[in-house]
Amino acid sequence: MLNLIQRHRDLLLIAALLVQPLAAFLLRGGRAREPDFVDRWILGVSTPVQGALVSAVAGTINAWAAYGDLRGVHLRAVGLAAENAQLHEQLQALTEVKAENERLRGALRYAERQAGARLAARVVGFNPVAEVLSLRIDRGELDGVRAGMAVATPAGVVGQVLRTGAHAADVLLLGDSSSRVAARNQRSRARATATGAGDGKPLRLEYALRTEDFQEGDVLVTAGTDGIFPPGLTVGTLTAVERKSVGTLQPAEVLPAVDTVRLEEVLVLGAQPAASGPLAGGTP
Amino acid sequence: MRVAMAWGMALGLLTLESVAGQFTSHSVAALDVTLALVAYLALKALPLEGAVTAFGVGYLVDVMSGRPSGLYTFLAELAYVGGKLGSSLVVVNTRHRFALFCMAVQAGHAVVAWMLRSAVARDPVGTAPLGLLPLQVLLTGAAALGLYGALRMLDPGEERARQDLVR
């Protein structure tokens with residue numbers, strides 16, 4: 001018997017290893033046993049490792065998630081910055097369009113008030129030569145613009161067409177020293193001539209009789225007697241009126257009504273466009 | 001065969017699995033990583049040495065399961081014995097054959113586990129646990145593929161064979 005056991009010792013041990021847990025399982029009806037010292041040792045070894053691993057993995061996951069969030073925020077910030085720049089650009093464009101629209105509305109209202117043909121034109125440049133104060137507009141002969149036509153804005157007189165091209169025209173500004181315009185004091189109706197005095201200088205009031213009523217602050221309008229400018233266009237405001245006790249004239253200075261530096265659109269009075277645009281029209 | 005190393009590896013794998021289960025899907029719970037170890041023991045270990053090692057591995061699974069009822073100790077031992085008997089019928093000398101071998105062991109392991117639970121349960125267990133069987137088998141096969149290289153470290157004979165090849 002002992003010999004048999006020794007011969008099959010391994011087999012018996014294996015059978016014991018197989019039967020023991022099965023018997024324990026069945027006898028306890030599948031219920032868990034109370035932890036013994038081996039169980040406690042195993043738990044004591046594995047639990048800290050588990051804790052450390054969980055912390056490490058959780059830390060890595062959290063760090064990765066935080067990185068992802070941060071990256072997402074960064075990408076969103078970049079996207080918003082780009083969107084903001086785009087919107088800013090659009091706003092800028094809209095503001096520009098709005099301002100242009102308001103100017104054109106004003107020009108249109110003015111044009112509607114004025115009798116005769118008129119043509120809206122865009123200022124495309126200023127003459128770089130200092131001796132001649134002129135600007136260039138984008139309307140020319142093909143648009144019905146002719147030399148000598150008056151150019152104005154709702155604010156007042158700009159000048160007259162000096163020369164024309166097919167699609168452009170140069171406008172001599174009122175401030176040029178060769179410009180002349182027959183004017184009238186809007187308040188007293190006294191007549192005089194406003195002449196240019198050069199760049200950056202006010203107009204000069206000439207041929208104003210000393211006996212006429214001219215006061216500083218009076219508004220000067222076109223008299224309509226020079227054959228160029230229709231009556232009633234604002235020329236400027238009187239300043240520095242010299243009251244002399246002798247002589248026949250009283251010189252004065254006239255502050256132009258139109259700031260030609262900031263001009264963007266003008267109306268060419270008397271121009272009859274071949275093809276009617278939205279702002280071009282005939283006699284109302 | 002290095003018994004202590006096998007137990008240490010089993011404890012490490014179980015610890016990793018328990019941690020992975022917290023951060024991944026619950027399907028990880030269907031994976032029994034130690035079964036590949038037991039299957040490897042069945043293929044490579046001496047009978048008694050492998051039986052003792054498998055017993056220890058099953059014991060660890062029992063403890064780590066939180067419900068040490070002896071079921072997993074028995075199942076590990078049974079898987080070892082079954083694998084030992086089956087290994088005489090098949091040739092397992094590659095990683096992929098080892099994976100297939102582990103999958104077969106896993107299938108038998110799962111069925112017996114279900115039968116034993118059903119036998120002792122007061123309420124009917126039902127066949128729902130068997131629905132996980134295909135997933136368990138696949139996961140165990142995948143784990144076996146990944147663990148094959150590490151498991152070969154348990155076998156000094158493999159090391160000697162590699163050294164001989166180097167010479």
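What's counted below: heavy atoms across the whole structure, side chains too, no hydrogens, waters or symmetry copies. Per chain, numbering begins at 1; letters A, B, ... match sequence-line order.
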Quick one: side chains of residues 86-100 of chain B, donor-acceptor pairs under 3.5 Å with protein atoms, not counting sequence neighbours, listed by atom name and distance.
{"residue": "B:S87", "atom": "OG", "partner": "B:G83", "partner atom": "O", "Å": "3.4"}
{"residue": "B:S87", "atom": "OG", "partner": "B:K84", "partner atom": "O", "Å": "2.7"}
{"residue": "B:S88", "atom": "OG", "partner": "B:L85", "partner atom": "O", "Å": "2.6"}
{"residue": "B:T94", "atom": "OG1", "partner": "B:R97", "partner atom": "N", "Å": "3.2"}
{"residue": "B:R95", "atom": "NH1", "partner": "B:L145", "partner atom": "O", "Å": "2.6"}
{"residue": "B:R97", "atom": "NH1", "partner": "B:V91", "partner atom": "O", "Å": "3.2"}

### Top contributor to chain A contacts, counting heavy-atom pairs under 4.5 Å, from B:G58, B:A54, B:G70
B:G70
### Query
Residues in salt bridge (Lys or Arg N to Asp or Glu O under 4.0 Å) with A:D39, at least two apart?
A:R33
### A:I42 and its side-chain contact (heavy atoms from CB on, under 4.5 Å) partner, picked from B:L11, B:D62, B:L14
B:L11
### Query
So which heavy atom on A:I14 is nearest to which on B:A51, and how close?
CG1-CB, 3.5 Å
### Query
Any residues in residues 16-27 of chain A near chain B, with a heavy-atom distance under 4.5 Å, and which are they?
A:L17, A:L18, A:Q20, A:P21, A:L22, A:A24, A:F25, A:L26
### Option that, when pairs with chain A are counted at under 4.5 Å, heavy atom only, ranks first among B:T73, B:L71, B:L78, B:L116
B:L71
### Query
Is the count of non-hydrogen atoms from other residues, nucleotides or ligands lying under 6.0 Å from A:Q90 atom CD greater than 12?
yes
Only distances under 3.5 Å count here; give the side-chain donor-acceptor pairs of residues 61-87 of chain A to other protein atoms, sequence neighbours excluded, each with its distance to 0.1 Å.
{"residue": "A:N62", "atom": "ND2", "partner": "A:A58", "partner atom": "O", "Å": "3.2"}

